[in-house]
Chemist: 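Sending over a structure as structure tokens; questions will come in a sec.
All residue numbers refer to positions in the sequence shown, counting from 1.
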Amino acid sequence: MTRGIPLSGDFANGGVSFWYLQIGLPDRRAALPGSRAYDVAIVGGGYTGLWTAYYLKKADPGLRVAILEKEFAGFGASGRNGGWLSAEFAGSRERHAEARGRQAMIDLQRAMFGAVGEVIDVARDEGVDADVHKGGVLHVATNPAQRRRLRAEVADLRAWGYGEDDMRLLSRDEQRERLQVAGTLEAAYSPHCARVQPAKLAVGLARVVAGLGVDVFEDTTVTEIRPRRDGRPAEAVTPRGVVSAEYVIRATEGFTAGLAGQRRQWLPMNSSMIVTEPLPAEVWKHIGWAQSELLGDTAHAYVYAQRTADDRIAIGGRGVPYRFGSRTDRRGATQASTVALLWRMLVKLFPAAADARVQHSWCGVLGVPRDWCSTVHLDHATGLGWAGGYVGSGVTTANLAGRTLRDLVLRHDTELTALPWVGRQVRQWEPEPLRWAGVHLIYTLYRAADRHENERGTTTSAYARLADLIAGR
């Protein structure tokens, strides 16, 4: 299926991600040595778990905090994503506003704006070199239907806390000066986004957190999380021992289905990426991209891309969206057909890069709640908390979640704990085989909608509207 696609001589598929190929897989920390007691036990060593531990220890250095990670810190989506430190928040703004009103959703959006800067500031202050560059984000429309949606989205954002300086349509000349994307009819720009190298951020955060005195146990699989009962504290159960704590925080995102009783909680959605070899200066003359903005399109089965710090193009999209029974892979290999799909999209957007060879492909999973809205929660009665369901917007949202969980654990009533995603309850996904059939139908419809719009559509395809209805978005 990759016939005709230029691959580098050392092309690799999987191996967690290209980001780790760049820096090398980290040495694993010791596993849990047996049953232990803590004040806070965090299940999952990705961004959510790391940020939560960081802010808890900064607020109260005396807290006993542990992270329990099945593989190594940053193994999952935190080390595989597209590197978008973006203020975009998952889910329907109207749906979040139902909980506490329109102003609360505006406050949430403003908190996301601030979270972008918070991550940048902490990385700088803690000496985490993650190739951070705040160039903003461009969204492009390449057919009339996409252009109509993009204009409507920018107009709608004005009612949700976005000013002209937060998101605006670009003139044709402005767009061309920034980035040459073939076939662009319209483009919008927001400054609230930065490029990061995801694995560098995860590995750096893990180092900082361990240095603060957090016990980071790797190669430690949590099989079950138990609430407080009969006077006993909450528990995280592992084959290596039981960790009891005043609070147990679930920070497993796309891997949540692996916990007992959680199979239908969040759906593990697959997303795949490819990255080219470094492109020569002559190619960049045709493409532009001098400010290293993040790039997304306005298709239904959308793509996301970045210009890396070493002058590659990394581009991602859904590929095969879901595996039956909420299964997840370990090593991140992606299908040859998905590599071909992403390559065709790269060449379509950047014809000047048609001769660039693909060096690496990989995939990972992100967590999707049934209503596609992120949530953070802590129940003081049971001692259980969680955050996630980021639907691909987790690099920034995980930081906001970590600070919010800190305030909830410490029982501080703050502006963060009043945000409308706090305490949100969502129904579970359907059982199999309905779940598998539904997800694949949704993305079949989205791809059909994109084909229809690319060929002749001037308005959003009915296929997409049906997919949204089935998805519950």
Chemist: Quick check, are the ring centers of Phe89 and Trp421 under 6.0 angstrom apart?
Modeler: yes
Chemist: I want to check something: taking the side chain as every heavy atom from C-beta on, are Ile120 and Lys134 in contact at a cut-off of under 4.5 Å?
Modeler: yes
Chemist: Without swapping roles, check the side chain of Thr238 against the backbone of Gly241 for a donor-acceptor pair under 3.5 Å.
Modeler: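 Yes, the answer is positive, given that a donor and an acceptor are paired below the 3.5 Å cut-off.
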Chemist: Check step by step if side-chain contact (heavy atoms from CB on, under 4.5 Å) holds for Val65 and Asp39.
Modeler: CA-CA 6 Å; Val65 180; Asp39 296 310; 5.8 Å; no
Chemist: Keeping the roles fixed (side chain from Ser17, backbone from Gly79), state whether a donor-acceptor pair exists under 3.5 Å.
Modeler: yes
Chemist: Atom NZ of residue position Lys348 - does it have more than 12 heavy atoms of other residues, nucleotides or ligands inside 6.0 Å?
Modeler: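 Not buried by this count: 12 neighbours or fewer within 6.0 Å.
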Chemist: Which distance, rounded to the nearest 0.5 Å, do you find between the OH of Tyr189 and the CD of Glu174?
Modeler: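 Between Tyr189 OH and Glu174 CD, I get 10.5 Å after rounding to 0.5 Å.
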Chemist: For Ser374 and Gly389, work out which heavy atoms get closest and say how close.
Modeler: OG-O, 3.0 Å
Chemist: Let me check something: any side-chain donor-acceptor pairs from residues 283-296 under 3.5 Å, sequence neighbours excluded? List them with distances.
Modeler:
from: Trp284; atom 1: NE1; to: Leu279; atom 2: O; distance (Å): 3.2
from: Trp289; atom 1: NE1; to: Glu293; atom 2: O; distance (Å): 2.6
from: Glu293; atom 1: OE2; to: Arg178; atom 2: NH1; distance (Å): 2.8

Chemist: When the ring centroid of Tyr47 is compared with that of Tyr54, is the distance short of 6.0 Å?
Modeler: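 Centroid distance Tyr47-Tyr54: not below 6.0 Å, so no.
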Chemist: Kindly compute the distance separating CG (Leu63) from CG (Asp60), expressed to the nearest 0.5 Å.
Modeler: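 The distance works out to 3.5 Å.
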Chemist: Do Thr404 and Leu408 make a side-chain contact, defined as non-hydrogen atoms from C-beta onward lying under 4.5 Å apart?
Modeler: yes
Chemist: Spell out, as yes or no, whether a donor-acceptor pair under 3.5 Å connects the side chain of Thr52 to the backbone of Thr48.
Modeler: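 Side chain of Thr52 to backbone of Thr48: a pair is present.
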Chemist: Taking 4.0 angstrom as the limit, do Glu164 and Arg158 come out as a salt bridge?
Modeler: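 Salt bridge: yes.
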Chemist: Please tell me whether Tyr304 and Asp297 have a donor and an acceptor in their side chains that are separated by less than 3.5 angstrom.
Modeler: no
Chemist: Report yes if some heavy atom in the side chain of Val140 is under 4.5 Å from a heavy atom in the side chain of Thr298; otherwise report no.
Modeler: no
Chemist: Rounded to the nearest 0.5 Å, what separates atom CH2 in Trp343 from atom CG in Leu7?
Modeler: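 Rounded to the nearest 0.5 Å, the CH2-CG separation comes to 9.0 Å.
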Chemist: For Leu366 versus Gly392, what's the shortest heavy-atom pair and its separation?
Modeler: CD1-N, 3.8 Å
Chemist: So, the side chain of Thr184 versus the backbone of Thr142: is there a donor-acceptor pair under 3.5 Å, distance only?
Modeler: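 Side chain of Thr184 to backbone of Thr142: no pair is present.
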Chemist: Give a yes or no answer on whether the side chain of Arg195 reaches the backbone of Asp131 with a donor-acceptor pair at less than 3.5 Å.
Modeler: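 Indeed, once roles are kept as given, a pair shorter than 3.5 Å links the two residues.
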Chemist: Is there a side-chain contact between Lys200 and Ile23 in this structure, where contact means two heavy atoms from C-beta onward sitting under 4.5 Å apart?
Modeler: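 When only atoms from C-beta onward are counted, Ile23 and Lys200 do touch, with a gap below 4.5 Å.
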Chemist: Is there a side-chain contact between Asp215 and Tyr38, using heavy atoms and a 4.5 Å cut-off?
Modeler: yes
Chemist: Does atom CG of Asp27 have more than 12 heavy-atom neighbours from other groups under 6.0 Å away?
Modeler: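 Open: at most 12 neighbouring heavy atoms sit under 6.0 Å from CG of Asp27.
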Chemist: So, Ser190 side chain and His192 main chain: donor-acceptor pair closer than 3.5 Å or not?
Modeler: yes
Chemist: Identify whether the distance between the nearest side-chain nitrogen and carboxylate oxygen of Glu253 and Arg80 falls below 4.0 Å.
Modeler: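 The answer is no: the pair does not qualify as a salt bridge.
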Chemist: Quick one: are Val409 and Leu56 in side-chain contact, heavy atoms under 4.5 Å?
Modeler: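 Yes. Closest side-chain heavy atoms under 4.5 Å.
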Chemist: Quick one about Tyr247 and His380 (side-chain donor to acceptor, distance below 3.5 Å, no hydrogens or angles considered), yes or no?
Modeler: yes
Chemist: Does the Ser361 side chain pair with the main chain of Val339, one donor and one acceptor, at a distance under 3.5 Å?
Modeler: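 No: the side chain of Ser361 does not pair with the backbone of Val339.
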Chemist: Please state whether the rings of Phe113 and Tyr162 are parallel, tilted or perpendicular, taking 30° and 60° as the class boundaries.
Modeler: perpendicular
Chemist: Look only at the side chain of Gln197 and the backbone of Ala199, and say whether a donor-acceptor pair between them is shorter than 3.5 Å.
Modeler: yes
Chemist: Donor-acceptor check, side chain of Tyr322 to backbone of Ser326, threshold 3.5 angstrom: yes or no?
Modeler: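 Yes.
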Chemist: Does Asp156 have more than 12 heavy atoms from other residues, nucleotides or ligands lying within 6.0 Å of its CG?
Modeler: yes
Chemist: Looking only at side-chain N and O atoms, does Arg307 offer a donor or acceptor that is under 3.5 Å from a partner on His133?
Modeler: no
Chemist: Is there a donor in the side chain of Arg370 and an acceptor in the side chain of Gln265, or the other way round, less than 3.5 Å apart?
Modeler: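 No - no donor-acceptor pair under 3.5 Å links their side chains.
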Chemist: Any chance CG of Asp10 has more than 12 other-residue heavy atoms, nucleotides or ligands included, within less than 6.0 Å?
Modeler: yes
Chemist: Considering only NZ, NE, NH1 and NH2 on the basic side and carboxylate oxygens on the acidic side, decide whether Arg110 and Asp107 come within less than 4.0 Å.
Modeler: no
Chemist: With heavy-atom distances below 4.5 Å as the criterion, would you say the side chains of Leu68 and Ile42 are in contact?
Modeler: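 In short, these two side chains do not touch, never coming nearer than 4.5 Å.
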Chemist: Look at the rings of Phe75 and Phe72 and say which category their plane angle falls in: under 30° parallel, 30 to 60° tilted, over 60° perpendicular.
Modeler: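 Phe75 and Phe72: perpendicular rings.
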Chemist: Rounded to the nearest 0.5 Å, how far apart are CZ of Arg312 and NE2 of His360?
Modeler: 10.5 Å
Chemist: For residues Thr397 and Ser393, is any side-chain donor paired with an opposing acceptor at under 3.5 Å?
Modeler: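 Ser393 and Thr397 do not have a side-chain donor-acceptor pair below 3.5 Å.
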Chemist: Distance-only, no hydrogens or angles: does the Trp160 side chain make a donor-acceptor pair with backbone N or O of Gln103 under 3.5 Å?
Modeler: no
Chemist: Given Asp219, which of Arg240, Arg28, Lys70 fulfils the salt bridge (Lys or Arg N to Asp or Glu O under 4.0 Å) condition?
Modeler: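 Going through the options one by one, the only one that passes is Arg28.
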Chemist: Counting only heavy atoms from other residues, nucleotides and ligands, does the tally under 6.0 Å from CG of Asp413 exceed 12?
Modeler: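 No, CG of Asp413 has 12 or fewer neighbouring heavy atoms, counting only those of other groups under 6.0 Å.
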Chemist: Measuring only between side-chain heavy atoms, which start at C-beta, is Tyr390 closer than 4.5 Å to Trp266?
Modeler: no
